[in-house]
Q: 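Before I ask anything, let me first share the structure, which is written out below as structure tokens.
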Amino acid sequence: MLYSSVPDEMHAGLCSAVAERVKLQPEWISFLRQVLQNGSIEAMVVTSGLAEVWERVLATAEMPQCKVFGMSPLCQGFVVTPEDKAAIVRQIQSFTLDDGATAATAPTVFCFGDSALDIPMLKAADESFLVVVDPEHRSKSMDKRLSELGNEVASLVQIPLPSGIPARTCRFPMTTLAWVASRLSSLVASKNGDRPLQTVEQGLLSSPGSLGQVFINFGSDASARVIASKMRDARNAGARLRDAHEEAGRFLAAKLVDMLGAESSRIQHVLGSEADGFQPAGCSEGRCLIIALMRAGLPMALGAARLLADSEPALAFVSDAETDKHLPKLLQGKRTVVIADAVINNGTTVRQAVRRIATLLSAAGRRTQDQQGVRVFVLAGTVQAGAVVGIEAEFGPLGGLTHPGSPISGVDSVAVLGLRTSATKFTGTGTVDTGNRLFNTTVLD
């Protein structure tokens, strides 16, 4: 191989120069660091290139413990082929922790790839993720290969990086790295017998070219359970209850930032100079609108705004999205719309709000101007069982409203982030109405 003909010192210098030009996405750095902190998970880079380049990249990112398998000048004639990548996956899957290992305790392999060279590896993996970069740099041959795939890799899911870029126009749904990290933790916990495994369907976001919905329930999160208990406690009312709802808004907004990802920004360092920083992707420069639905959603909206404050979001109180005359102007230039609602009963109010937003954007020709619609995220303290089904039935692929030119064409995706779910079906009045409890108006019916 040509690598072996290069003097050692020159080889090291070239590897160093190439490594300096490699910039890991912030989402990848956050994901890998989180994974490496879990003693039950091993992270590994498999490359058809030089291992030393990636070793240097990972060392710069302060993750030298991440293993690298690739080529070396010492490996005369050895090349890591696509089939070799798949063989590595199968070898790991064959490992057993002891002679009595079962499918429940055998290693589970998650694979991430971005090119046609990775397809054999993705086919062999237990769970496969297609990393989608910006259209300028993504593999041109991959679309053809994806269209040729049958059920050989039925579980393949797309992960656009950075968040917000368009996914590939193929049949495979998409999710986020943040959700994959959550699923990994769920998998480890389930194998240890701590809690049930989170399903893949819980993490799927919109399919390319459609308004796919997802309900992400954080009810199993310890922090969410603590916050939800404060919101449900009948002893809390007025200011104390509003504080709990603000806390819920901040919590769900933090989960939202994990989904959106981070983009670089400039900050003022305490020493007086400027420094590199990060801000929520798609929310800076006034591109985020936070809507408080009804008065009960106001404290949660304020909590979300506290977390997103550095991104200068507009905060609006909307009692009726259908008739609010200021909504058209508030939506101008927005990329992300956050709707805060304390309780989603049957989903009617949320569906009306999303439809109104989509209609206004479509009327303004939003998609025809910049080819980007709005992402709508609904933050809810309590979601009644079955409410999200109604949202999906109206706006999802089966609703027939996702083709270009339809009333919904100005919206790219809708996701509902819930603190908890409830099987209790009732509309609160008087002392049990959330709005009345929040603002000490329980004497009202």
Q: Do the side chain of Thr382 and the main chain of Arg420 share a donor and acceptor less than 3.5 angstrom apart?
A: no

Q: Hey, does the side chain of Asn38 reach the backbone of Val35 with a donor-acceptor pair shorter than 3.5 angstrom?
A: no

Q: Does any non-hydrogen side-chain atom of Lys85 lie less than 4.5 Å from one of Val80?
A: yes

Q: Do Asn436 and Thr441 get their side chains close enough for a donor-acceptor pair, meaning under 3.5 Å?
A: yes

Q: Can you tell me if CD on Glu62 sees more than 12 non-hydrogen neighbours from other groups inside 6.0 Å?
A: no

Q: Determine whether Thr175 and Ile159 satisfy the following criterion, side-chain contact (heavy atoms from CB on, under 4.5 Å), listing intermediate values before the conclusion.
A: CA-CA 5 Å; Thr175 189; Ile159 301 179; 4.1 Å; yes

Q: For the backbone of Ala61 and the side chain of Arg33, can you confirm whether one donor and one acceptor N or O come within less than 3.5 Å of each other?
A: yes

Q: Within the 4.5 Å heavy-atom criterion, are Leu130 and Leu146 side-chain neighbours or not?
A: yes

Q: Parallel, tilted or perpendicular: which one describes the rings of Phe129 and Phe112, with boundaries at 30° and 60°?
A: parallel

Q: Is the shortest side-chain heavy-atom distance between Val45 and Met63 below 4.5 Å?
A: no

Q: Is any side-chain heavy atom of Phe31 less than 4.5 Å from a side-chain heavy atom of Leu24?
A: no

Q: Taking Asn346's backbone N and O only, do any of them form a donor-acceptor pair with Arg351's side chain (distance below 3.5 Å, no angle check)?
A: yes

Q: Run Arg56 and Glu52 through salt bridge (Lys or Arg N to Asp or Glu O under 4.0 Å) and show every step you take.
A: CA-CA 6 Å; Arg56 290 175 180 270; Glu52 186 174 342; 3.0 Å; yes

Q: Testing Ile339, Leu330, Leu289 one by one against Ile357 for a side chain to side chain contact (heavy atoms under 4.5 Å, CB included), which residue passes?
A: Ile339

Q: Counting N and O atoms only, with roles assigned by atom type, does the side chain of Asn236 sit under 3.5 Å from a partner on the main chain of Lys230, one being a donor and the other an acceptor?
A: yes

Q: Donor-acceptor pair, distance only, cut-off 3.5 Å: does the side chain of Arg250 make one with the backbone of Gly303?
A: no

Q: Do Glu55 and Cys15 have side chains that approach each other closer than 4.5 Å (heavy atoms only, starting at C-beta)?
A: no

Q: Can you check side-chain contact (heavy atoms from CB on, under 4.5 Å) on Gln93 and Val89, steps first, answer last?
A: CA-CA 6 Å; Gln93 289 168 329; Val89 172; 3.9 Å; yes

Q: Tell me whether the count of non-hydrogen atoms from other residues, nucleotides or ligands lying under 6.0 Å of CZ in Arg266 goes above 12.
A: yes

Q: Under 4.5 Å between any side-chain heavy atoms of Thr434 and His245, yes or no?
A: yes

Q: Donor-acceptor pair, Asp341 side chain versus Gly297 backbone, under 3.5 Å?
A: no

Q: Please check this pair: side chain of Ser229 against backbone of Arg225, looking for a donor-acceptor N/O pair closer than 3.5 Å.
A: yes

Q: Given side chains that start at C-beta, do those of Cys66 and Leu36 come closer than 4.5 Å, heavy atoms only?
A: yes

Q: Checking side-chain contact (heavy atoms from CB on, under 4.5 Å) for the pair Arg295/Leu438: CA distance, chi angles, key distance, verdict?
A: CA-CA 9 Å; Arg295 60 173 181 166; Leu438 283 165; over 6 Å; no

Q: Crowded around Gln65 CD? As in, over 12 foreign heavy atoms under 6.0 Å?
A: yes

Q: For the pair Gln25 (side chain) and Ile29 (backbone), establish whether a donor and an acceptor sit closer than 3.5 Å, ignoring hydrogens and angles.
A: no

Q: So does Arg232 have more than 12 non-hydrogen atoms from other groups sitting under 6.0 Å from CZ?
A: no

